[in-house]
Amino acid sequence: MIFEDLPTTPTSEELIDKAFSRAARAGKAKGGLEAQQSMLQTAANIISDNLENVVTAWPDFEYDAHPFYYELADAIVDVDRLRQSLSEVMWASRKAREIHEEYQPRLRKTDVDTARKHRKQAFARLADIVEQIDDELLYINESRNDLRDLPDINPDEPTIVVAGYPNVGKSSFVNGVTSARGETASYPFTTKGIGLGHFERDHLRYQIVDTPGLLDRPPEERNEIESQAVSAVEHLADCMLVMVDPTGECGYPIGSQLELRDSIAAQFEDVPVLTVANKADRFDPAELDDAVAADYTMSVETDENVEEVLEAAVEAIDYEPELPFDG
């Protein structure tokens with residue numbers, strides 16, 4: 001996942017202390033004008049290199065981040081502000097090098113006292129530059145902490161997203177058909193962990209995702225961040241399975257469940273949406289109300305038609321892997 005290996009961003013105070021303490025050690029190893037030159041070069045290089053590393057550790061949101069992760073990131077942090085902060089830090093990195101280039105010639109052909117005076121002036125300016133971006137460094141590190149634990153979902157793998165009201169059997173279905181039993185990971189904007197599993201068909205790996213807290217209630221009940229997270233899922237889903245419970249034992253009337261199904265179908269209009277009536281062991285599929293318009297019935301409890309539903313989702317995706325060019 002593109003955010004998991006982001007390094008900790010130093011504070012301005014930490015970076016200044018690191019640069020000047022290393023510079024002091026470098027100066028002690030030499031004498032005269034050479035000591036002053038070494039101190040300035042060491043401090044400027046540490047500041048410039050560390051700030052540049054802060055920026056280059058992040059992916060380019062425009063080119064490197066899949067739209068799924070871009071929208072997730074923007075739902076958690078302000079991506080525009082983050083990009084601006086990274087830009088400010090890169091400016092400071094370049095400015096540190098400019099200060100070094102400006103002052104280094106002044107330290108070559110002068111006396112030691114004058115050189116020490118110029119070096120101290122350069123140090124003051126370096127410290128001032130780093131202190132100017134203190135808020136940016138803090139925001140970048142906060143963003144790193146918020147993003148690095150996002151679940152490792154591969155947006156390039158064919159993906160089935162399971163939706164529907166709570167207690168209709170979604171998690172049992174996901175756990176039952178995947179190799180990863182009960183694998184969950186937390187998003188910052190859900191009250192429960194995202195269910196994530198994988199299965200293989202014809203040597204191809206498929207992802208199947210359950211999104212409690214997002215696609216288990218009407219759109220009007222989602223806050224702004226949750227709504228944006230659902231928009232991110234639009235980039236992820238290759239097929240939607242909307243599960244309903246015709247018995248109403250889930251605690252929600254079938255009418256409300258179908259309204260949720262219709263709102264999901266409207267939002268995911270470019271994705272196959274299959275309605276699956278679960279708990280077929282507790283109702284007669286032949287007597288299912290025409291209003292339900294279920295594409296499939298199944299019972300996760302008894303395993304009835306579960307494989308058929310999974311195969312239908314795979315067929316609806318109709319995934320064709322990209323083959324390497326054979327010349």
Side-chain angles (χ1 to χ4, degrees), residues 1-2 4 64-72 150-164 168-185 187 193-212 214-216 229-245 261 264-265 267-281 285 293-327:
M1 204 276 292
I2 61 175
E4 63 183 348
D64 299 335
H66 187 280
F68 168 67
Y69 274 121
Y70 185 106
E71 291 214 32
L72 279 188
L150 283 176
D152 189 9
I153 295 176
N154 185 350
D156 294 321
E157 284 187 346
T159 302
I160 301 166
V161 176
V162 184
V168 297
K170 302 189 302 296
S171 60
S172 296
F173 174 75
V174 171
N175 292 340
V177 301
T178 63
S179 57
R181 298 294 187 265
E183 179 185 346
T184 61
Y187 278 92
I194 294 299
L196 172 64
H198 303 87
F199 66 92
E200 288 192 1
R201 284 294 183 277
D202 298 325
H203 307 292
L204 294 176
R205 195 168 93 142
Y206 290 78
Q207 275 177 153
I208 185 165
V209 179
D210 177 23
T211 56
L214 293 178
L215 291 168
D216 62 356
V230 172
S231 295
V233 175
E234 287 186 63
H235 298 287
L236 178 70
D238 296 299
C239 177
M240 297 289 303
L241 292 182
V242 181
M243 294 181 60
V244 298
D245 173 10
R261 184 270 313 275
I264 291 172
Q267 180 159 7
F268 290 78
E269 59 181 354
D270 296 326
V271 177
V273 178
L274 305 180
T275 302
V276 181
N278 188 32
K279 305 183 183 180
D281 56 311
D295 297 295
Y296 298 91
T297 61
M298 72 175 181
S299 171
V300 175
E301 183 76 20
T302 65
D303 208 33
E304 177 187 351
N305 288 342
V306 169
E307 277 299 313
E308 287 79 353
V309 169
L310 198 61
E311 289 297 333
V314 169
E315 184 176 342
I317 292 174
D318 193 25
Y319 179 71
E320 290 288 344
E322 292 186 10
L323 298 178
F325 180 64
D326 60 6

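It should be emphasised that the depicted structure is a prediction, and the values quoted were computed from it without experimental measurement. We use all heavy atoms of the structure for the numbers below, so side chains are in, but hydrogens, waters and symmetry mates are not.
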Measuring from [X]:[atom1] to [Y]:[atom2], what's the distance to the nearest 0.5 Å?
{"X": "D238", "Y": "Y319", "atom1": "CG", "atom2": "OH", "result": "8.5 Å"}
{"X": "R261", "Y": "T275", "atom1": "CZ", "atom2": "OG1", "result": "4.0 Å"}
{"X": "M298", "Y": "E304", "atom1": "CE", "atom2": "CD", "result": "10.5 Å"}
{"X": "D156", "Y": "Q207", "atom1": "CG", "atom2": "CD", "result": "9.5 Å"}
{"X": "L310", "Y": "I160", "atom1": "CG", "atom2": "CD1", "result": "5.5 Å"}
{"X": "I317", "Y": "T159", "atom1": "CD1", "atom2": "OG1", "result": "7.0 Å"}

Taking side chain as C-beta onward, heavy atoms only, is [X] less than 4.5 Å from [Y]?
{"X": "F68", "Y": "I153", "value": "yes"}
{"X": "F173", "Y": "V168", "value": "no"}
{"X": "D281", "Y": "K279", "value": "yes"}
{"X": "L241", "Y": "Y296", "value": "no"}
{"X": "H198", "Y": "E157", "value": "yes"}

With distance as the sole test, does S299 use its side chain to make a donor-acceptor pair with the main-chain N or O of T302 at under 3.5 Å?
yes

Main-chain N/O of M243 paired to K170 side chain as donor or acceptor, under 3.5 Å:
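A pair under 3.5 Å: no.
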
Hey, what's the ring geometry for F199 with Y206, parallel, tilted or perpendicular (30° and 60° as the breaks)?
parallel

Looking only at heavy atoms, which two atoms of [X] and [Y] are closest? And how far apart?
{"X": "A237", "Y": "V161", "result": "CB-CG2, 3.6 Å"}
{"X": "N278", "Y": "V300", "result": "OD1-N, 3.1 Å"}
{"X": "H66", "Y": "H235", "result": "CE1-O, 3.8 Å"}
{"X": "P272", "Y": "A316", "result": "CG-O, 3.7 Å"}
{"X": "N305", "Y": "T297", "result": "ND2-O, 3.0 Å"}

Kindly indicate, with the supporting measurements, whether the criterion side chain to side chain contact (heavy atoms under 4.5 Å, CB included) is fulfilled by E301 and S172.
CA-CA 8 Å; E301 183 76 20; S172 296; over 6 Å; no

Are more than 12 heavy atoms, taken from residues, nucleotides or ligands other than E315, located less than 6.0 Å from that residue's CD atom?
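Counting other residues, nucleotides and ligands, CD of E315 stays at 12 neighbours or fewer.
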
Pair V230, F268 - check side chain to side chain contact (heavy atoms under 4.5 Å, CB included), show working.
CA-CA 10 Å; V230 172; F268 290 78; 4.2 Å; yes

